[in-house]
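Each chain gets a letter, A, B and so on, in the order the sequences are listed, and its residues count up from 1.
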Amino acid sequence: MTPARDPVSLQRGFFERSAHQLAPQLLGATLLVDGVGGVIVELEIYEQSDPASHSYGGPTKRNASMFGPAGHAYVYRSYGVHWCLNFVCAPSGEASALLVRALEPTHGVEKMIERRGVSDPRKLCSGPGKLCQALAVGAKHDGLPLDETPFQVLARARELEIVRCRRIGITRAREKHWRLCASGSPYLSRGPGRG
DNA sequence: CAGTGGATGCTCT
DNA sequence: GAGCATCCACTGT
């Protein structure tokens, strides 16, 4: 039995380990921005040796946050239209991160509906661009620590079955199964989580 | 349900 | 100037 307990806010030191170790621990955690957010149901690993990673070619102005300390946010603009949020998670210098790809909305759903302009809960945070719009994440969040306002990351409250899937939406190293999904969740970014 | 293409702007070569 | 860690509308079954 899992007794009910108060949620534990994860401090930035929690993120000081490899992305591969951290990803299974963060799936099922709750991400809040100004009190709005939900349970993380999909994550993608990007490490520096990965040709698909922004950090692959070394530090640049855009990816500076990825080379900064763990436990901070890396936010970038995608296709000139959307924002995407990462958790910087390896020790400084290794430049790996976890892309938050989908949430199950639990906190501030009305606010998300207002920002997204749709009411179907499955369409609020089912993609990296969508969840940033729902949580109002943008350029000003790049480089901010994840254990301070407006961010809050609450530890997973119970165990969760994890499915590893083929990555999607990228052109290089697509074959790596570095996309972690909460098994059977209806809030994933694409399909039922198979790949 | 699967596949396609346009929008849109910033980063890096 | 090319390419992009996306989303949505639209097409054809």
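- Rounded to an integer number of Å, the gap from A:Ile168 CD1 to C:dA5 C1' is 10 Å.
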*What do the steps show when you test A:Ser49 against A:Glu47 for side chain to side chain donor-acceptor pair (under 3.5 Å), and what is the final call?*
CA-CA 6 Å; A:Ser49 60; A:Glu47 60 179 22; 3.0 Å; yes

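- Atoms CZ (A:Arg167) and P (C:dT6) sit 11 Å apart, rounded to a whole Å.
- At whole-Å resolution of the value, CZ in A:Arg115 and P in C:dC7 are 17 Å apart.
- Between A:Lys130 and C:dC8 there is a side-chain polar atom (N or O) within less than 4.0 angstrom of OP1 or OP2.
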*Can you list the steps and then say if A:Glu42 with A:Ser189 is a side chain to side chain donor-acceptor pair (under 3.5 Å)?*
CA-CA 8 Å; A:Glu42 185 175 335; A:Ser189 68; 2.8 Å; yes

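- In this structure, A:Leu99 reaches the bases: a heavy-atom distance under 4.0 Å links it to at least one base atom across the strands shown.
- When distances are taken from the side chain of A:His54 to each of B:dC12, C:dA5, B:dC10, the shortest belongs to C:dA5.
- Salt bridge annotation for A:Arg62-A:Asp142: absent, with no cationic side-chain nitrogen under 4.0 angstrom from a carboxylate oxygen.
- At whole-Å resolution of the value, OH in A:Tyr56 and C1' in C:dC4 are 17 Å apart.
- Residue A:Arg101 places at least one side-chain N or O under 4.0 Å from the OP1 or OP2 atom of C:dT6.
- A:Lys123 places its NZ atom 19 Å from the P atom of C:dT6, with the value rounded to the nearest Å.
- A:Tyr79 qualifies as a stacking partner of the C:dC4 base, centre to centre under 5.5 Å and near-parallel within 30°.
- In this structure, A:Tyr74 atom OH and B:dT11 atom P are separated by 10 Å, rounded to whole Å.
- Using Watson-Crick or G-U wobble geometry with both donor-acceptor distances under 3.5 Å, B:dT8 finds no partner in any strand shown.
- Side-chain proximity of A:Arg116 to the nucleotides C:dC7, C:dC8, C:dC4 is greatest for C:dC8.
- Within the 4.0 Å cut-off from OP1 or OP2 of C:dC7, not a single side-chain nitrogen or oxygen of A:Ser78 is found.
- Distance CG (A:Leu124) to P (C:dC7): 13 Å, rounded to an integer number of Å.
- Rounded to whole Å, the distance from CG on A:Leu131 to C1' on C:dA5 is 13 Å.
- Ion pairing of A:Glu44 with A:Arg179 is absent here, as no side-chain N (NZ or NE/NH1/NH2) approaches a carboxylate O to less than 4.0 Å.
- Taking the charged nitrogens against the carboxylate oxygens, A:Glu148 and A:Arg12 do have a contact shorter than 4.0 Å, which makes a salt bridge.
- Across C:dA5, B:dC10, B:dC12, the shortest atom-to-atom separation from the side chain of A:Thr60 is found for B:dC12.
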